[in-house]
Protein chains: 2
Amino acid sequence: MLQVSRPTISDVARAAGVSKGAVSFALNNRPGVAADTRERILAAARELGWTPSSRARALSVSRAFAVGLVLARKPETLRADPFFPSFIAGVEQELAAHDYALLLQVVADQQREHDSYRRLAHGGRVDGVFVTDLLVDDPRIALLAEIGVPAVVVGPALGGGFFPAVGVDDKPGVAAAVQHLIDLGHTRIAHVAGPAAYVHGTSRKQAWAETLAAAGLPEGPCVETDFSAESGAAATRTLLDLAEPPTAVVYANDVMAMAGLAVAHARGVDVPGELSVVGYEDTELAAHVQPPLTSVATDVVAWGGAAARRLLELVDGREATEPDLESPRLVVRASTGAPAR
Amino acid sequence: MLQVSRPTISDVARAAGVSKGAVSFALNNRPGVAADTRERILAAARELGWTPSSRARALSVSRAFAVGLVLARKPETLRADPFFPSFIAGVEQELAAHDYALLLQVVADQQREHDSYRRLAHGGRVDGVFVTDLLVDDPRIALLAEIGVPAVVVGPALGGGFFPAVGVDDKPGVAAAVQHLIDLGHTRIAHVAGPAAYVHGTSRKQAWAETLAAAGLPEGPCVETDFSAESGAAATRTLLDLAEPPTAVVYANDVMAMAGLAVAHARGVDVPGELSVVGYEDTELAAHVQPPLTSVATDVVAWGGAAARRLLELVDGREATEPDLESPRLVVRASTGAPAR
DNA sequence: TTGTAAGCGTTATCAA
DNA sequence: TTGATAACGCTTACAA
C-alpha cells in the first residue's frame with residue numbers, strides 16, 4: 001500500500017515551465033492562458049498523473065464541495081423504507097455532475113441529529129444540507145437558520161417556509177386512491193396513517209379525510225401507526241374487529257398494506273371481494289404480492305435530483321429553476337375492487 | 001441567511017491572549033499547556049462559538065477524515081435491498097465515534113464506479129473506501145491497489161485477499177436452511193440464486209449444493225436471477241412448471257421468496273403443504289406475510305460497524321482487532337413444513 | 001509552558 | 001498573457 005506522495009500543482013508547474021497560477025487557470029480552463037501553453041500544461045499534468053487536491057481547493061475557496069444528509073432513524077425503520085435509496089440515487093446524479101459529494105449521517109435520535117447538523121455545517125464539512133422527514137413545527141429549521149447554512153426541505157412546499165422546499169405533494173396521490181375507491185362504490189373507507197408528528201403523515205391523512213368529505217361520505221375509522229409492518233398488521237386487526245369494519249383501507253405505505261393483506265388472508269377475508277387495499281410508494285414488491293397491490297407511485301429519483309439541484313443553486317446563490325416533478329399517480333392493481341353488497 | 005464569517009483559531013487566540021498553537025493544543029487536549037490556560041482558551045472558544053475548520057485541518061494533516069462508499073446499482077435494484085440502509089447505519093455509528101464522515105456515491109455502471117473511486121481517492125476526498133458487492137475476480141481490487149488507497153472488502157474473508165475482508169459468511173445460513181428442509185423430509189430442494197457474477201450470489205448457491213451433497217441428496221433445480229421480485233416470480237413459475245417440481249425452494253433473498261409465495265398462492269399451491277419456502281435476509285416484512293416467511297437473519301448493523309472499524313484501523317495504521325460477528329441464524333416460521341407424501 | 005513560523009496545496013490578486 | 005505572492009485556517013516543529 002506504499003503511499004507514493006502525489007504530485008502537487010507545483011510539480012506540474014515546474015514540469016511545464018510555468019507558474020502555479022497558470023496551471024490553475026489552465027485546469028479550470030479560464031481565459032488568460034495561451035492555447036499552446038494550456039496544452040503543454042495539461043500534457044504535463046497528464047504525464048505526472050496529477051489531480052488537484054480537493055482538500056487544498058476546499059480551504060482556498062472556502063467551500064466543502066459537499067452537502068449533507070442526516071437521517072434520524074433507527075436502523076430497523078430505515079431499512080424498511082425504500083424512499084431513501086431512491087432519493088439518494090437521484091441526489092447523487094445531480095451532485096456528481098457538479099463534482100459535489102454527499103455526506104451521509106445516520107443518527108439514533110433528535111439530539112444527535114442536531115449535533116450532527118451543527119458539526120457538519122459549523123465545521124465547514126458541507127456547504128448545505130437536506131432536511132427530510134419534516135416534522136410539524138420542526139425545530140431543525142430554527143437550528144439551521146441560526147447556524148446559517150443553506151438548506152432545502154425535502155417535501156412539498158407548504159408555503160411560507162424559511163428554506164425552500166422541493167418535493168412531491170402526497171395529497172393528490174392519496175386523493176386519487178380514495179376517489180378510486182369511491183368510484184368503485186365504497187362508502188366505508190378507512191385509513192392507516194403514519195405518525196402524526198410528520199408532515200407527510202398528517203398530509204396523507206388530511207387528503208384522505210378531505211376527499212371523503214368532498215364526496216359527502218362520513219370519515220371512516222383511522223388508526224395511527226409508526227409506518228412499520230408490525231403496526232400495519234395491528235391496525236388492520238383493529239379495523240377488522242370493528243362492529244362495522246371498513247370495506248376498503250388506504251395505507252400510508254406499501255409495507256403496512258402488504259402486512260394488512262396478510263392479516264386479511266390469515267383471517268379468510270377475501271381481497272378485494274370483502275376488503276379493498278391500497279398502499280403508498282409502489283415498491284417493487286407491490287406488483288408481486290397476491291393479489292397485486294394497488295398503490296401510489298412517485299418518481300423519487302427525480303425528486304432527489306430536483307432537491308439537489310435546488311440546494312446547489314442555493315449554495316451558489318443562483319436563481320431557482322422551477323423543478324418539474326410529476327404528481328404521484330395511482331397504479332391500480334387487483335387489490336381493489338367493488339365492495340360486496 | 002446572512003453568512004456571518006465564522007471565528008477562526010486566531011480570533012480565539014487573541015481573545016484568550018495566547019498563540020494559535022496554544023489554542024490548537026488546548027483543543028486537542030495535548031500535554032504542554034497549563035490547566036488554567038487551557039480553561040481560559042476553551043472558555044474563549046465557547047464564548048466566540050468557535051469550531052475548528054475541518055477543511056483547514058484536513059489540509060494541514062493531509063487527511064480527509066472521511067471514507068467512501070460507492071454503490072454501483074440501478075436505483076430500482078437499490079431500493080429493494082434492505083442491506084445498505086442497515087449497513088450504513090452500522091458504519092455511521094463507528095465513524096461518528098471517530099469524527100469521520102461517510103461519503104456516499106451512487107453510480108449507474110461499472111465504468112463510472114471506477115471513475116468515482118479514482119476521483120475520491122486521488123483527489124484526496126477520502127482516506128479509505130469500502131468495496132461492496134464483490135464480484136468474482138473483481139477488477140476494483142487492482143484499481144484500488146494501484147491508486148494506493150486503503151480499502152476493506154465487505155464480505156466474508158475468502159482467504160488471500162489483497163485487502164482485508166470483513167463480513168458474515170452466507171454459507172452457514174443457507175446450509176442451515178437447507179438442512180432444516182432436509183430434516184423436515186424434503187428431498188427435492190430447489191434454489192433461486194442471485195447473479196453468479198457476485199461472490200455472495202455464488203457462495204449461497206454453493207452452500208445449497210454442498211449441503212444437499214453432504215446429505216446424499218441429488219442437486220435440485222437451480223434458477224439464476226437478478227435478485228428482483230420480478231425475476232423471483234419468474235423463477236418460481238419455471239420451477240413449478242417442471243415435470244417434477246421441487247417440494248421446497250431456498251431463495252437468495254426475501255423479496256424473491258415473497259414474490260414466490262405470491263406465485264404459489266395465485267396458482268393454488270399450498271405453502272407449506274405443497275411447497276416450502278425459505279428467504280434470506282429476514283426483512284421486516286418477512287414475519288408479516290402469509291404464511292410468515294422462514295428466513296436467514298444477519299446482524300447487518302454490526303457488520304457495518306465492524307467493517308468501518310477495520311477501515312479506520314487500516315487508515316490509522318493500527319493493528320486489526322478481531323471483529324466478532326455472529327453467524328447468520330435461521331428464523332423458522334410457517335412457510336416451511338413437512339412435504340406432502 | 002508558551003510563542004514563532006513554516007508548511008499543507010490550492011485559488012486570487014496584482015504587477016510586470 | 002504571464003509570474004510572483006499572499007491568503008485560506010489549521011497543525012506542528014522548533015525556539016524562547
Side-chain angles (χ1 to χ4, degrees), chain A residues 3-42 44-45 48-66 99 119 121-125 127 316, chain B residues 3-42 44-45 48-66 99 119 121-125 127 316:
Chain A
Q3 276 287 4
V4 187
S5 72
R6 307 204 174 298
T8 76
I9 197 171
S10 307
D11 297 325
V12 177
R14 198 175 317 116
V18 297
S19 72
K20 296 197 299 176
V23 177
S24 178
F25 271 57
L27 179 77
N28 305 311
N29 48 45
R30 301 212 309 215
V33 46
D36 56 334
T37 329
R38 170 190 316 272
E39 202 40 64
R40 190 155 37 92
I41 293 172
L42 294 182
L48 293 173
W50 172 76
T51 313
S53 154
S54 51
R55 298 199 278 254
R57 208 159 81 93
L59 180 61
S60 180
V61 303
S62 302
R63 280 238 198 157
F65 296 104
D99 252 305
R119 268 208 313 280
H122 218 249
R125 293 202 80 134
D127 301 323
D316 289 345
Chain B
Q3 277 286 4
V4 187
S5 74
R6 306 202 176 299
T8 75
I9 196 171
S10 307
D11 297 325
V12 177
R14 198 174 318 116
V18 297
S19 72
K20 294 197 302 174
V23 176
S24 178
F25 271 58
L27 179 77
N28 305 310
N29 49 45
R30 301 211 312 212
V33 45
D36 56 334
T37 325
R38 170 188 317 271
E39 203 40 64
R40 190 155 38 93
I41 292 171
L42 294 182
L48 294 173
W50 174 74
T51 312
S53 153
S54 51
R55 299 198 280 251
R57 208 160 81 94
L59 180 61
S60 178
V61 302
S62 303
R63 279 237 197 158
F65 297 105
D99 252 304
R119 268 208 313 280
H122 219 249
R125 293 202 81 135
D127 301 324
D316 288 345

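The basis for the numbers below is simple: all heavy atoms, side chains too, and nothing from hydrogens, waters or symmetry mates. In the text below, chain A, chain B and the rest are named by the order of the sequence lines, each starting its count at 1. The structure displayed is predicted, hence computed values, not measured ones.
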**Study point:** Test side chain to side chain contact (heavy atoms under 4.5 Å, CB included) applied to B:Phe25 and B:Val18, step by step
**Key:** CA-CA 11 Å; B:Phe25 271 58; B:Val18 297; over 6 Å; no
Check your understanding: Hey, mind stepping through A:Arg14 and A:Asp11 against side chain to side chain contact (heavy atoms under 4.5 Å, CB included) and telling me if it holds?
Key -> CA-CA 5 Å; A:Arg14 198 175 317 116; A:Asp11 297 325; 3.5 Å; yes
Check your understanding: Can you list the steps and then say if B:Lys20 with B:Thr8 is a side chain to side chain contact (heavy atoms under 4.5 Å, CB included)?
Key -> CA-CA 10 Å; B:Lys20 294 197 302 174; B:Thr8 75; over 6 Å; no
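Summarising the geometry, the separation between CH2 on B:Trp50 and P on D:dC10 is reported as 5 Å, rounded to the nearest angstrom. The distance between atom CG of A:Leu27 and atom P of C:dG9, rounded to the nearest whole Å, is 16 Å. Per the geometry, CG belonging to B:Asn28 stands 11 Å off P belonging to D:dC10, to the nearest Å. Taking atom CD1 of A:Ile9 as the reference point, atom P of C:dC8 lies 14 Å away to the nearest angstrom. Distance CZ (B:Arg55) to P (C:dG9): 18 Å, rounded to an integer number of Å. Look at CZ on B:Phe25: it is 12 Å from P on C:dT1, rounded to the nearest Å. Rounding to whole angstrom units, CZ of residue B:Arg57 and P of D:dT11 are separated by 6 Å. The CD1-P distance, from A:Ile41 to C:dT11, rounds to 12 Å in whole Å.
The side chain of A:Leu59 lies closest to D:dC8, out of D:dT11, D:dC8, C:dC8. When each of C:dT1, D:dT2, C:dG7 is scored by its nearest atom to the side-chain atoms of A:Ala34, the top-ranked nucleotide is D:dT2. In this structure, the nucleotide among C:dT11, D:dG9, C:dT2 sitting nearest to the side chain of B:Thr37 is C:dT2.
Using a 4.0 Å heavy-atom cutoff across all strands shown, A:Ser54 reaches no nucleic acid atom at all.
For the OP1/OP2 pair of C:dA12 and a distance below 4.0 Å, the side-chain nitrogens and oxygens of A:Arg30 include at least one atom meeting the criterion. For B:Ser53, no side-chain nitrogen or oxygen approaches OP1 or OP2 of D:dC8 to under 4.0 Å. Within the 4.0 Å cut-off from OP1 or OP2 of C:dC8, not a single side-chain nitrogen or oxygen of B:Ser62 is found.
In this structure, the side chains of B:Arg119 and A:Asp99 come closer than 4.5 Å at one or more pairs of heavy atoms.
Between the A:Arg55 side chain and the B:Gly124 main chain, a donor and an acceptor come within less than 3.5 Å of each other. Judged purely by atom type and a 3.5 angstrom limit, B:Arg40 uses its side chain to pair as donor or acceptor with the backbone of B:Ala16.
Of all heavy-atom pairs spanning B:Ala64 and B:Ala58, the tightest one is CA-CB, 4.5 Å.
Both B:Val33 and A:Ser24 sit near DNA chain C, but only B:Val33 has its closest nucleotide nearer the 5' end.
Residues from residues 10-23 of chain A placing a heavy atom under 4.0 Å of any atom in DNA chain C, listed by number, are A:Lys20, A:Gly21.
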